[in-house]
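Written below as structure tokens is the structure these notes are about.
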Amino acid sequence: MTQLAVQNLNVFYGKVQRLFDVTLPSLQDGDVLGLLGPNAAGKSTLMRTLAGLQHYGGSIVYRGAERRTLSHQQWHAQVAYMPQTPPQESSLLPVELLWSAARALDLALADRELSALIDDLLLRLGLQEFALSPLYSLSGGKRQLVGLALALIRNPHLLLLDEPTSALDLHWRMVVLDLVQERVQRHGGMAIAALHDLDLAARYCTKLVLLDAGKIVAAGSVSDVLTAANLARVFRVEAQVITGYRGHPLVQVLGPVRAG
Ligand SMILES: Nc1ncnc2c1ncn2[C@@H]1O[C@H](COP(=O)(O)OP(=O)(O)O)[C@@H](O)[C@H]1O
Ligand SMILES: [Mg+2]
């Protein structure tokens, strides 16, 4: 059953249009949609729109209800958004942030259960030893992981992740995407993630869209979207798509497309 249908989105900043008739594949429980495209394609604008932070034309229908008919509270009870920018450097502690995020949600959990949930998340994300370290003392990668923990603690049905792994090394990129995949599969939720790494997108996403200059260039299954022709058109690289581990597509970039 379709849980999220996004159709004909048009988004402006002032008078300048940045998204043009963007229609996404419909999403069901268990789907991870990857949003690909070069810088300034409009990925963050789309994520912000889905997060409820941007006016839009068109429709976002979530579980049968148009998003703009839902209150802020109704939307945020089901949706968590991790922005592209990690939590700012400050003297706040990760564990404090997680407690206040969880408390704000009014989860029907006893302190002991909440504490176990927070400990588990810190452990899974390798943040245990940093739980009491002020954010200003953490690397960008660790702060990005704190940002992810803040989204996951909400246990959302729809998880919106804007470049969740951009500051992470390979090990933590896989840990994060494994965790997202596990959440979505176990809780029957959905995730939409803007990603730069095409191979990680091919491995973890059930569906992909390729965005360029605010327009959808390709949408559908991984093999429909990750084609040499699409990569040449959008990223201006000559590439071949080969079959890798467990049949996952792997993109081998051969070089930039030459002008002329
Ligand atoms: N707050 C804003 N005000 C005006 N223009 C913006 C704003 N945010 C982004 N843009 C512009 O919108 C376009 C899409 O940006 P963005 O959604 O951040 O792309 P991406 O995430 O794919 O790099 C870019 O041209 C960017 O300069
Ligand atoms: Mg962005």
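Values below: all heavy atoms of this structure, side chains included; hydrogens, waters and symmetry mates excluded. Every number for a ligand or one of its atoms is a count from 1 in the order of the listing.
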Query - Passing candidate, side chain to side chain donor-acceptor pair (under 3.5 Å) with His157, options Gln3, Arg63, His187 - result: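 Going through Gln3, Arg63, His187 one by one, the side chain to side chain donor-acceptor pair (under 3.5 Å) with His157 is satisfied by Arg63 alone.
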Requested in this report: Under 4.0 Å, heavy atoms only, figure out whether ligand 1 is touched by the backbone of Ala194, its side chain, both or neither.
Outcome: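 Neither part.
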Report task. Just let me know how Lys43 lines up against ligand 1, side chain, backbone, both or neither, with a heavy-atom cut-off below 4.0 Å. Result ->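 Lys43 to ligand 1: contacts from backbone and side chain alike.
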Query raised in the report: Does the pair Gln144 and Ser166 meet the rule for a side chain to side chain donor-acceptor pair (under 3.5 Å), with working shown?
Result: CA-CA 8 Å; Gln144 190 165 48; Ser166 59; 3.0 Å; yes
Query raised in the report: If only atom types and distance count, is the side chain of Gln74 paired as donor or acceptor with the main-chain N or O of Ser71 below 3.5 Å?
Result: yes
Query - Any donor-acceptor N/O pair, Arg67 side chain to Tyr62 backbone, under 3.5 Å - result: no
Query - Flag: protein heavy atom within less than 4.0 Å of atom 6 (C) of ligand 1 - result: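 Under the 4.0 Å cut-off, atom 6 (C) of ligand 1 does have protein heavy-atom neighbours.
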Query - Close approach, Pro38 and ligand 1, non-hydrogen under 4.0 angstrom - result: yes
Query raised in the report: Judged by non-hydrogen atoms, does Gly37 sit under 4.0 Å from ligand 1?
Result: no
Report task. Evaluate salt bridge (Lys or Arg N to Asp or Glu O under 4.0 Å) for Lys142 paired with Glu129, printing each intermediate quantity in order. Result -> CA-CA 11 Å; Lys142 293 294 176 208; Glu129 60 181 295; over 6 Å; no
Query raised in the report: Mind checking what makes side chain to side chain donor-acceptor pair (under 3.5 Å) contact with Ser90, not counting sequence neighbours?
Result: none
Report task. Between Gly42, Gly214, Ala213, flag the one that comes closest to atom 19 (O) of ligand 1 by a heavy atom. Result -> Gly42
Query raised in the report: When you check the gap from the basic side-chain N to the acidic O, do Asp197 and Arg173 get nearer than 4.0 Å?
Result: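 Between Arg173 and Asp197 there is a salt bridge, with a charged N closer than 4.0 Å to a carboxylate O.
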Query - Sidechain N-carboxylate O distance under 4.0 Å for Asp111, Arg103 - result: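 Yes, this pair counts.
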Requested in this report: Anything protein N, O or S sitting under 2.8 Å from the Mg ion (ligand 2): count it and give me the total.
Outcome: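 Number of qualifying protein atoms: 2.
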Query - Cluster link Val61 to Leu24, ILVMFWY, side chain under 4.5 Å - result: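 Result: no, two separate clusters.
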Query raised in the report: Would you say ligand 1 has an N or O under 3.5 Å from any N or O of Asn39?
Result: no
Report task. Establish, yes or no, whether the cationic atom of Arg48 lies under 6.0 Å from the six-membered ring centre of Tyr56 and within 45° of the ring axis. Result -> no
Query raised in the report: With distance as the sole criterion, is a donor-acceptor pair present between the side chains of Asp162 and Tyr81 under 3.5 Å?
Result: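 No, no side-chain donor-acceptor pair sits under 3.5 Å.
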Query raised in the report: When you check the side-chain N and O atoms of Ser44 and Gln84, is any donor under 3.5 Å from an acceptor?
Result: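 A donor-acceptor contact under 3.5 Å links the two side chains.
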Requested in this report: Mark up the atoms of ligand 1 that fall under 4.0 Å of a heavy atom belonging to Ala41, in ascending order.
Outcome: 19 (O), 20 (P), 22 (O)
Closest protein heavy atom to [atom], given as residue, atom name and distance to 0.1 Å:
| atom | result |
| --- | --- |
| atom 23 (O) of ligand 1 | Ala40 N, 2.7 Å |
| atom 27 (O) of ligand 1 | Arg18 NH2, 4.4 Å |
| atom 10 (N) of ligand 1 | Tyr13 CE1, 3.4 Å |
| atom 18 (O) of ligand 1 | Ser44 CB, 3.7 Å |
| atom 17 (O) of ligand 1 | Thr45 OG1, 2.5 Å |

